[in-house]
Colleague: 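If you scroll down you'll find the structure; I have some questions about it.
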Number of protein chains: 2
Amino acid sequence: MTTPAQGLHTHVLDALGLEIAAGEHLPGQVLRTDELARRFDVSRTVVREVIRVLESMHLVESRRRVGVTVRPTEAWNVYDPQVIRWRLAGADRPRQLRSLTVLRSAIEPVAASLAARHATPEQCAELTERALGMVATSRGQQLEGYLEHDIAFHRIVLNASGNEMFARLGDVVAEVLAGRTHHQVMFEDPDPAAVTLHVRLAEAVREGDAAGAERLTKEIAVGALHELDVLAP
Amino acid sequence: MTTPAQGLHTHVLDALGLEIAAGEHLPGQVLRTDELARRFDVSRTVVREVIRVLESMHLVESRRRVGVTVRPTEAWNVYDPQVIRWRLAGADRPRQLRSLTVLRSAIEPVAASLAARHATPEQCAELTERALGMVATSRGQQLEGYLEHDIAFHRIVLNASGNEMFARLGDVVAEVLAGRTHHQVMFEDPDPAAVTLHVRLAEAVREGDAAGAERLTKEIAVGALHELDVLAP
DNA sequence: CGGGAACAAAAAGTACGACGTTTATGTCAC
DNA sequence: GTGACATAAACGTCGTACTTTTTGTTCCCG
């Protein structure tokens with residue numbers, strides 16, 4: 001599952017980012033650039049570019065004479081989709097999944113409420129389509145198909161909210177949903193109640209029922225949180 | 001207000017980031033590394049590191065044979081505090097301020113509700129202290145002092161929520177509050193109603209009144225949105 | 001014996017030049 | 001007109017040399 005090296009830089013960045021996100025280098029630990037260069041068998045130039053990117057994500061801090069020191073988790077840019085991906089691939093996936101789901105529970109109801117007011121007819125149509133797609137794939141081990149519709153559904157709601165910050169959370173939600181499907185024990189079909197809620201949410205948005213959309217989204221969020229409690233105590 | 005160039009890299013990054021965030025380079029426009037190197041009078045090495053960082057923020061995309069192309073706004077990592085700062089310094093500050101305030105209105109009530117449940121005695125004490133500080137500085141043109149207390153107050157609530165994603169939004173909230181104070185016409189003292197709400201919010205958190213804390217925070221958010229509507233139509 | 005100033009070393013920061021790699025684009029033949 | 005091929009433009013990578021900052025150490029003076 002490693003990145004297919006579409007450039008040396010990408011490969012090293014991904015490897016180092018994963019290591020740090022996984023906690024393999026404790027905060028305060030120092031890495032030296034030429035050491036890394038040797039280790040990955042690349043030039044110091046490439047390493048320095050990687051370090052700069054990691055630094056912009058606040059994963060590390062580079063200081064002269066001392067080296068590249070790993071920063072504590074509290075400093076990280078945890079909203080960076082790249083960082084999220086690295087963390088979800090690591091050891092503290094459960095905690096990460098939980099805090100992201102709580103974030104969703106705060107954002108998505110408000111986004112749905114706004115979407116009910118601002119959604120274009122096209123968005124409403126696609127939303128309904130996706131909801132129906134979820135129904136169609138909700139039985140018979142079609143988890144991948146279901147996931148695709150689910151992601152698209154939530155992305156449409158976030159986009160339709162008309163708020164840029166909400167819209168850009170689509171990638172995060174996609175990561176969460178994908179993580180839930182792929183890495184949790186999910187032999188069974190999705191919860192029928194959740195499927196129904198999505199259908200009703202599509203209706204509420206189409207009818208411009210802001211309060212209803214908000215309430216339904218909250219229910220979906222509660223369900224997701226509950227699911228986490230049951231599967232990952 | 002430009003960064004005092006604690007390194008060539010930082011200077012160029014800040015300059016270019018500002019330009020792009022301000023829309024001086026339209027999406028699709030290409031920049032060439034040699035050209036930039038000449039323009040800023042630095043080596044191509046430095047420029048490439050800057051480009052890499054900008055690329056990690058999805059502000060630009062670097063492709064062989066074509067150059068560094070500016071990406072559309074929808075692709076940007078709008079949660080990156082650095083990007084937020086650049087955008088707040090640019091032309092679409094009003095829109096940016098508005099979408100961030102809407103984001104706050106979604107996050108902070110939930111965070112306050114969680115804070116009411118999880119806040120430690122120390123956090124409660126400091127919260128009360130900050131609320132009193134806001135009262136003390138709410139009259140007589142002590143805007144800077146008020147701002148400091150306000151920022152600290154909201155930061156504590158976000159931290160006390162116990163959710164990492166919420167906590168990391170403290171920087172964003174700080175930028176919004178600072179932007180509001182510094183760049184809007186704010187001759188007058190803060191709204192007394194808002195001050196009162198903060199005091200009551202501190203009480204609610206201290207008493208573990210989750211519902212009350214959520215409601216009060218919503219009121220604060222509504223006030224902030226209203227203020228935006230009045231001052232920046 | 002203690003403290004401060006000069007000094008030395010270590011590591012990142014910067015520069016430069018050369019070469020490799022990809023890929024858009026235009027040309028030429030069919 | 002279409003397809004293969006050559007070309008060149010831009011980024012990608014490398015190695016080396018030099019600069020700057022920080023830090024630790026040593027040594028001299030009080």
Side-chain angles (χ1 to χ4, degrees), chain A residues 2-17 19-20 25-72 75-76 82, chain B residues 2-17 19-20 24-72 75-77 82:
Chain A
T2 53
T3 311
Q6 57 175 9
L8 275 185
H9 172 267
T10 309
H11 172 63
V12 177
L13 176 63
D14 214 52
L16 253 186
E19 287 181 11
I20 296 174
H25 305 281
L26 298 180
Q29 182 174 346
V30 300
L31 311 168
R32 254 127 338 143
T33 54
D34 40 2
E35 193 174 297
L36 292 170
R38 269 198 309 277
R39 197 184 127 201
F40 288 104
D41 194 38
V42 295
S43 70
R44 212 167 63 105
T45 311
V46 172
V47 172
R48 296 195 72 264
E49 286 170 13
V50 170
I51 295 300
R52 278 276 138 78
V53 172
L54 256 23
E55 199 173 24
S56 86
M57 297 169 174
H58 291 90
L59 262 60
V60 303
E61 187 184 12
S62 178
R63 286 176 53 200
R64 281 182 152 146
R65 160 69 183 180
V66 53
V68 178
T69 70
V70 178
R71 301 186 66 176
W76 298 356
Q82 178 79 91
Chain B
T2 54
T3 311
Q6 57 174 5
L8 276 184
H9 171 267
T10 309
H11 171 64
V12 178
L13 176 63
D14 214 53
L16 252 186
E19 286 181 11
I20 297 175
E24 290 180 32
H25 306 280
L26 298 180
Q29 182 174 346
V30 299
L31 312 168
R32 256 137 316 149
T33 54
D34 305 296
E35 197 173 292
L36 293 171
R38 267 197 310 276
R39 198 185 127 200
F40 289 103
D41 193 38
V42 295
S43 70
R44 209 168 63 107
T45 313
V46 171
V47 172
R48 297 196 73 265
E49 287 171 13
V50 170
I51 294 300
R52 277 276 137 79
V53 173
L54 256 24
E55 199 174 25
S56 86
M57 296 169 173
H58 291 91
L59 261 60
V60 303
E61 187 184 12
S62 177
R63 287 175 54 199
R64 285 181 149 142
R65 160 67 178 166
V66 54
V68 177
T69 70
V70 178
R71 301 186 66 177
W76 298 357
N77 269 180
Q82 178 80 90

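In what follows, chains are A, B, ... by sequence order, proteins preceding strands, each numbered from 1.
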Colleague: How many angstroms lie between atom CG of Asp14(A) and atom CD of Gln82(A), to the nearest 0.5 angstrom?
Modeller: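 CD of Gln82(A) is found 5.5 Å from CG of Asp14(A).
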
Colleague: Does this structure show an ion pair linking Glu55(A) with Arg52(A), if we count only N-O contacts that are shorter than 4.0 Å?
Modeller: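 The answer is yes: the pair qualifies as a salt bridge.
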
Colleague: Calculate the interatomic distance between Leu36(B) atom CG and dC11(D) atom P; express it in whole Å.
Modeller: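 Leu36(B) atom CG is separated from dC11(D) atom P by 8 Å.
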
Colleague: For dC11(D) and Ser62(B) - does any side-chain N or O of the residue sit under 4.0 Å from the phosphate oxygens OP1/OP2?
Modeller: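 No, no such contact exists.
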
Colleague: With rounding to the nearest 0.5 angstrom, report the CE to CE distance, Met57(B) to Met57(A).
Modeller: 9.0 Å

Colleague: Rounded to the nearest 0.5 Å, what's the gap from CZ on Phe40(B) to CG on Leu16(B)? Could you check?
Modeller: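 Reported to 0.5 Å precision, the distance equals 4.5 Å.
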
Colleague: Take Arg65(A) and Arg63(B), find for each the nucleotide of DNA chain D with the closest heavy atom, and name the residue whose nucleotide sits nearer the 5' end.
Modeller: Arg63(B)

Colleague: Rounded to the nearest 0.5 Å, how far does OG1 of Thr33(A) lie from CZ of Arg38(A)?
Modeller: 9.5 Å

Colleague: Along DNA chain C, 5' to 3', what are the outermost nucleotides having an atom less than 4.0 Å from a heavy atom of chain B?
Modeller: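 First-to-last contact on DNA chain C, by the 4.0 Å heavy-atom rule, is dT14(C) to dT25(C).
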
Colleague: First locate atom CG of Leu13(A), then atom CD of Glu49(A), and finally report the distance between them rounded to the nearest 0.5 Å.
Modeller: 10.5 Å

Colleague: Scan residues 39-61 of chain A against DNA chain C and write down, sorted by residue number, each residue with any heavy atom closer than 4.0 Å; if none is found, say none.
Modeller: Arg44(A), Arg48(A), Arg52(A)

Colleague: What distance separates Gln29(B) CD from Ile20(B) CD1, expressed to the nearest 0.5 Å?
Modeller: 9.0 Å

Colleague: Please report the distance, rounded to the nearest Å, between CZ in Arg64(A) and P in dG24(D).
Modeller: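 In whole Å, dG24(D) P lies 17 Å from Arg64(A) CZ.
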
Colleague: Do Leu54(A) and Val68(A) come within less than 4.5 Å of each other through their side chains, counting heavy atoms only?
Modeller: no

